[in-house]
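Input: a single structure, listed below in structure tokens.
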Number of protein chains: 2
Amino acid sequence: MKTYDYLLSYGVKPSVQRIAIMDYLLEHRTHPSIEDIYLALCDDIPTLSKTTVYNTLKLFVEHGAAQMLTIDERNVNYDGDVSLHAHFLCKKCNKIYDLPAAQEEERMEQFNMNGFAVQEIHQYYKGICPSCAAEEE
Amino acid sequence: MKTYDYLLSYGVKPSVQRIAIMDYLLEHRTHPSIEDIYLALCDDIPTLSKTTVYNTLKLFVEHGAAQMLTIDERNVNYDGDVSLHAHFLCKKCNKIYDLPAAQEEERMEQFNMNGFAVQEIHQYYKGICPSCAAEEE
DNA sequence: TTTAAATTTGTAATAATTACAATTAGATTT
DNA sequence: AAATCTAATTGTAATTATTACAAATTTAAA
């Protein structure tokens with residue numbers, strides 16, 4: 001599907017900037033920060049403003065087209081993959097990895113039964129990634 | 001156990017400020033922010049500096065006497081309960097609730113087998129809390 | 001008591017994020 | 001196609017959270 005239509009499917013009105021940002025998110029599964037996205041797209045869209053990147057990501061999240069990760073205390077990261085999956089933050093290189101999700105159906109039921117209306121699930125793990133662990137030798 | 005000895009048990013050298021901050025954490029299971037702690041202790045320790053609160057919490061986390069929560073994108077929160085448990089952030093009132101943890105032994109093994117050395121587990125849920133849901137009627 | 005080391009403090013710097021008004025672009029109407 | 005309206009983008013300034021760091025204070029040791 002073209003990104004144009006992909007955005008429409010989430011109820012987001014496409015624009016040059018929005019398409020470029022969503023494209024970046026879908027093609028770079030690196031969980032980029034606002035800064036990452038801004039710097040990467042500056043070349044193609046020289047007039048791009050960082051405020052637009054903020055606005056656009058907020059819009060994406062509101063429409064469910066992206067998810068915000070708060071795993072890294074230094075800044076927020078974004079993920080174009082909105083399916084349920086876990087994240088691993090390496091404390092050494094600060095890269096964020098995708099990991100398979102734990103099943104949550106039962107827990108969701110439990111929590112909802114107790115009156116907690118869950119809208120977002122985040123499974124975060126922190127430690128040392130395989131690549132950094134290998135380097136330690 | 002006195003907080004003095006409690007800190008020692010984590011290898012943290014006690015001081016007036018450190019005892020006051022740890023006491024606050026242990027007595028207020030509200031997952032306070034730096035600001036919360038600072039404002040709460042200002043009365044008792046008028047000379048308290050916010051930098052000290054930052055330094056102290058960093059020290060506690062390094063020694064395993066507290067854990068840092070990155071559930072709220074606006075700021076970092078701290079928890080004196082370092083046992084494994086889940087957290088729920090209400091998007092309306094911004095309060096953070098404790099919830100029972102999902103078992104993680106199997107997954108830890110899996111991840112470790114794949115070379116991810118897990119040091120921290122965070123189970124975050126976001127949505128509307130029972131109290132705010134009740135108010136909506 | 002003197003000295004040394006660690007802790008605390010206050011200020012200044014940095015970095016992330018938000019507010020907001022002005023500009024620009026896109027769509028609609030005439 | 002020109003004029004009008006609306007929405008999106010931009011740039012700047014303000015705000016907020018956090019960190020850096022040197023000076024002052026406290027605590028422990030000699």
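A, B, ... follow the sequence lines: proteins, then strands. Residue 1 opens every chain.
- Aromatic ring pairs are classed by plane angle as parallel below 30°, tilted from 30° to 60° and perpendicular above 60°; the pair B:Y10 and B:Y6 is perpendicular.
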For a quick test of your reading: what N or O donor-acceptor pairs under 3.5 Å do the side chains of residues 60-71 of chain A make, sequence neighbours left out?
unit_1	atom_1	unit_2	atom_2	d
A:H63	ND1	A:L59	O	3.0
A:H63	NE2	A:G11	O	3.4
A:T70	OG1	B:T70	O	2.6

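- Between the CG atom of A:N94 and the C1' atom of C:dA15 there is a distance of 15 Å, rounded to whole Å.
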Pair up each side-chain donor or acceptor in residues 44-55 of chain B with any protein partner under 3.5 Å, not counting sequence neighbours, and list the distances.
unit_1	atom_1	unit_2	atom_2	d
B:S49	OG	B:T51	N	3.1
B:K50	NZ	B:E35	OE1	2.5
B:N55	ND2	B:T51	O	3.4

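- For B:D81, the salt bridge (Lys or Arg N to Asp or Glu O under 4.0 Å) test picks out B:R29, with sequence neighbours left out.
- Distance A:I19 CD1 to C:dA25 P: 16 Å, rounded to the nearest Å.
- The nearest whole Å value for the distance from the CG atom in A:D72 to the C1' atom in D:dA17 is 14 Å.
- Across the protein-nucleic acid pair, B:M68 atom CE and D:dA17 atom P stand 15 Å apart, rounded to whole Å.
- The list of ring-ring contact (aromatic ring centres under 6.0 Å, His included) pairs with a residue in residues 77-96 of chain B, not counting sequence neighbours, reads A:F116-B:F88, B:H31-B:H87, B:H85-B:H87.
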Please list each protein N or O that sits under 3.5 Å from an N or O in nucleotides 3-13 of chain C, with the distance.
unit_1	atom_1	unit_2	atom_2	d
C:dT7	OP1	B:R18	NH1	3.2
C:dT8	OP1	B:S15	OG	2.3
C:dT8	OP1	B:Q17	OE1	3.0
C:dT8	OP2	B:R18	NE	3.4
C:dT8	O3'	B:Q17	NE2	2.9
C:dT9	OP1	B:Q17	NE2	3.3
C:dT9	OP1	B:T47	O	3.1
C:dT9	OP1	B:T47	OG1	2.8
C:dT9	OP2	B:S49	N	3.3
C:dT9	OP2	B:T52	OG1	2.8
C:dT9	O5'	B:T47	O	3.1
C:dG10	N7	B:S49	OG	3.4
C:dG10	O6	B:T51	OG1	3.2
C:dT11	O4	B:T51	OG1	3.3

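- With sequence neighbours excluded, the residues satisfying salt bridge (Lys or Arg N to Asp or Glu O under 4.0 Å) with A:D72 are A:R74.
- Residue pairs meeting the salt bridge (Lys or Arg N to Asp or Glu O under 4.0 Å) criterion with at least one member in residues 111-124 of chain A, sequence neighbours excluded, are A:E120-B:K91.
- Per the geometry, OH belonging to A:Y54 stands 18 Å off P belonging to D:dA14, to the nearest Å.
- Every residue two or more places apart in sequence or in another chain was checked for a salt bridge (Lys or Arg N to Asp or Glu O under 4.0 Å) with A:K95, and none qualifies.
- Here D:dT18 presents its P atom at 12 Å from CG of A:N75, a figure rounded to the nearest Å.
- Within residues 23-40 of chain A, no residue places a heavy atom under 4.0 Å from DNA chain C.
- Nucleotide D:dT19 holds its P atom 11 Å from the CG atom of B:L57, rounded to whole Å.
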